[in-house]
2 protein chains.
Amino acid sequence: MSCWRMSKRAPQTARRADALSKARIVEAAIEILDARGEAALTFRALARHLATGSGAIYWHIADRNDLLAAATEDVLARALAKMAREEEPRAAIGAIALAVFDAIDAHPWAGAHLSREPWHSAVGEIFERIGGWLQPLGVPMDAQFDCASALTNYILGVAGQNAANARALPGGTDRKASLEAIAARWIQDDPESRPFLRRVAAQLSEHDDRQQFVAGVDFILAGACVKQSA
Amino acid sequence: MSCWRMSKRAPQTARRADALSKARIVEAAIEILDARGEAALTFRALARHLATGSGAIYWHIADRNDLLAAATEDVLARALAKMAREEEPRAAIGAIALAVFDAIDAHPWAGAHLSREPWHSAVGEIFERIGGWLQPLGVPMDAQFDCASALTNYILGVAGQNAANARALPGGTDRKASLEAIAARWIQDDPESRPFLRRVAAQLSEHDDRQQFVAGVDFILAGACVKQSA
DNA sequence: AGCTTATTGGAACATTGTTCCATATAGCAT
DNA sequence: ATGCTATATGGAACAATGTTCCAATAAGCT
């Protein structure tokens, strides 16, 4: 109800040296999320980490979703800010996509949140940054919106999958073995079935996610450039 | 612990006319999911719907996730089965993609589940069906795996977003108004900021999701066909 | 100094998925 | 028919969670 700051000014003067604030709460949340995953972020764990009670936390944030959104914003804004600047359109778009990919690879819970809430401001930022390069890249005017959308959808899709993988393969699990197990289940028993999967099974268990991600971005860009202006 | 059927044969003879079974439970779950969304699928609601107790349900399914997976499998298998058969590669891939899109549009919770568990057997089926057409379509051999992956990622990304939209805009909400609100938040106040988003804001709030989805598929396919064989 | 408001900590609540268990039923052997 | 055993059922009980509530505190203002 009475959320953060209905007062006139921001509370410049801290209550104590370690006073609570949205920023400090988000920081603590990110620590927990990175260390032990999304399921470990409970209000009790967070309160313990901050040496306070859950009620105090609710004074600064609206609810758990608000907290996850703020943590996601934090992580993505930082990643996009310290991105290398590029001059050439294709390289620039690739750099943006990879910055997002790497941020989500490092913080899979953020990817899960973006998939769940695609209207998050970070998505707007990604959409804008990518969209701005489509004209210089030579994507026809009437294809630019669809192209930016396709790229955003693709990036969010990969984000969600990375988050799912991180959830399923917590550190220490043998990635290759897990992928082989999935491939085996997909291929099924019948030796006639699923010829395509059989053919690419080795690639499935050995491929590099990051490299494959870039390949997908390149497909979309190449396809959008090829498109004839109507 | 003792999951379904450790007995020698399947229980051919039903206990009662309305005996419980995994199929009946999944059917009831789908009814609840379609009618009132994913959050409404609780074991208590399900037990009430089936006029039984939650313990009885656990005899047939492992846990909530197993139930969602089975419901997703059901819905997607049905959609892929009754798909129109196509002869031409591009049309065939489009038809597969649209069958998945439409199934998830009708059952957004299934999209959410697929995003959360990309190793679901339905994803294997989609991957295989699409992959099988890439050779006839003319996608270079060494690009086929990446192309099928990109398409699958893209489809799952859109699936997740559709699920999120359905969660945020339950029937009756004005879609256009909601999209305009998102666009306004994304564009921010500063009239100089976000030029691309400003330019496409109208498209953002008026576009057709299904048509835009197809455009994205076409980009990926066109891009994959253009790619030079290394 | 007193008063008001912002903030805190933790108890209490409602709801969830899941487990447990006492009971009932069907099929089978005798 | 009659008991026996594995299968199946219904609902109570449990642990965990997000959220709300509230009494107590500390800061800033007059």
Side-chain angles (χ1 to χ4, degrees), chain A residues 1-25 28-29 32-33 36-71 109 113 116-117 167, chain B residues 1-25 28-29 32-33 36-71 109 113 116-117 167:
Chain A
M1 178 74 75
S2 59
C3 192
W4 185 59
R5 190 200 314 190
M6 309 182 79
S7 55
K8 297 125 207 205
R9 270 167 318 200
Q12 301 273 9
T13 59
R15 189 165 267 269
R16 295 201 310 259
D18 64 337
L20 234 42
S21 69
K22 183 151 183 176
R24 255 176 56 76
I25 293 174
I32 294 177
L33 287 164
R36 289 156 47 217
E38 178 166 350
L41 181 68
T42 69
F43 278 82
R44 282 159 182 82
L46 189 55
R48 209 176 317 130
H49 196 98
L50 288 163
T52 180
S54 36
I57 296 174
Y58 272 92
W59 179 259
H60 298 271
I61 63 158
D63 53 22
R64 187 176 195 268
N65 203 56
D66 180 33
L67 179 56
L68 276 170
W109 46 269
H113 184 76
R116 230 175 300 132
E117 307 225 314
R167 227 175 301 131
Chain B
M1 182 74 74
S2 58
C3 192
W4 185 58
R5 192 196 314 187
M6 310 183 78
S7 55
K8 299 125 204 204
R9 270 169 318 202
Q12 302 273 6
T13 57
R15 189 163 269 267
R16 294 202 308 260
D18 65 336
L20 234 42
S21 69
K22 182 152 183 173
R24 255 176 56 76
I25 293 173
I32 295 177
L33 288 164
R36 289 156 47 218
E38 178 168 348
L41 181 68
T42 69
F43 278 83
R44 283 157 182 84
L46 189 56
R48 210 176 316 132
H49 196 98
L50 288 163
T52 180
S54 37
I57 295 173
Y58 272 93
W59 181 260
H60 298 272
I61 62 158
D63 54 21
R64 187 175 193 269
N65 203 56
D66 181 33
L67 179 56
L68 276 170
W109 47 268
H113 185 77
R116 230 175 300 134
E117 307 225 313
R167 228 175 301 130

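In what follows, chains carry the letters A, B, and so on, assigned in the order in which the sequence lines appear, proteins first and then strands, with residues in each chain numbered from 1. The structure displayed is predicted, hence computed values, not measured ones.
Rounded to whole Å, atom P of D:dT19 lies 8 Å from atom CG of A:Asn65. Atom CG in A:Leu68 sits about 10 Å away from atom P in D:dT19, given to the nearest Å. Atom CD1 in A:Ile57 sits about 14 Å away from atom P in D:dT20, given to the nearest Å. In this structure, the CZ atom of A:Arg64 is 9 Å from the C1' atom of D:dT17, given to the nearest Å. The distance from atom CG of A:Asp66 to atom P of D:dT19 is 10 Å, rounded to the nearest whole Å. Here D:dT17 presents its P atom at 13 Å from CG of A:Leu46, a figure rounded to the nearest Å. Between A:Leu20 atom CG and D:dA27 atom P there is a gap of 15 Å when expressed in whole angstrom units. Regarding B:Tyr58, its OH atom lies at a distance of 12 Å from the P atom of C:dT16, rounded to whole Å.
Nearest heavy atom pair, residue A:Leu46 against residue A:Ala29, reads CD1-N, 3.8 Å. Closest non-hydrogen pair, A:Ala28 versus A:His49, comes out as CB-CD2, 3.8 Å. Nearest heavy-atom pair across B:Gly53 and B:Ala47 is C-CB, 3.9 Å. Shortest non-hydrogen contact noted between B:Lys22 and B:Ala70 is CE-CB, 3.9 Å.
A close approach under 4.0 Å does occur between a side-chain nitrogen or oxygen of B:His60 and OP1 or OP2 of D:dT9.
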Only distances under 3.5 Å count here; give the side-chain donor-acceptor pairs of residues 38-45 of chain B to other protein atoms, sequence neighbours excluded, each with its distance to 0.1 Å.
from	atom 1	to	atom 2	distance (Å)
B:Glu38	OE1	B:Arg116	NH2	3.3
B:Glu38	OE2	B:Arg116	NH2	3.1
B:Thr42	OG1	B:Ala45	N	3.0

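Partners of A:Glu117 under the side chain to side chain contact (heavy atoms under 4.5 Å, CB included) rule, at least two apart in sequence or in another chain, are A:Asn65, A:His113, A:Trp119.
Of the candidate nucleotides C:dT7, D:dT20, D:dT9, C:dT7 has the atom nearest to the side chain of A:Trp59. Counting only heavy atoms from C-beta on, A:Thr42 has its side chain closest to D:dT17 among C:dT7, D:dT17, C:dT16.
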Got a list of protein N/O to nucleotides 11-14 of chain D N/O distances below 3.5 Å?
from	atom 1	to	atom 2	distance (Å)
D:dG11	O6	B:Gly55	N	3.1

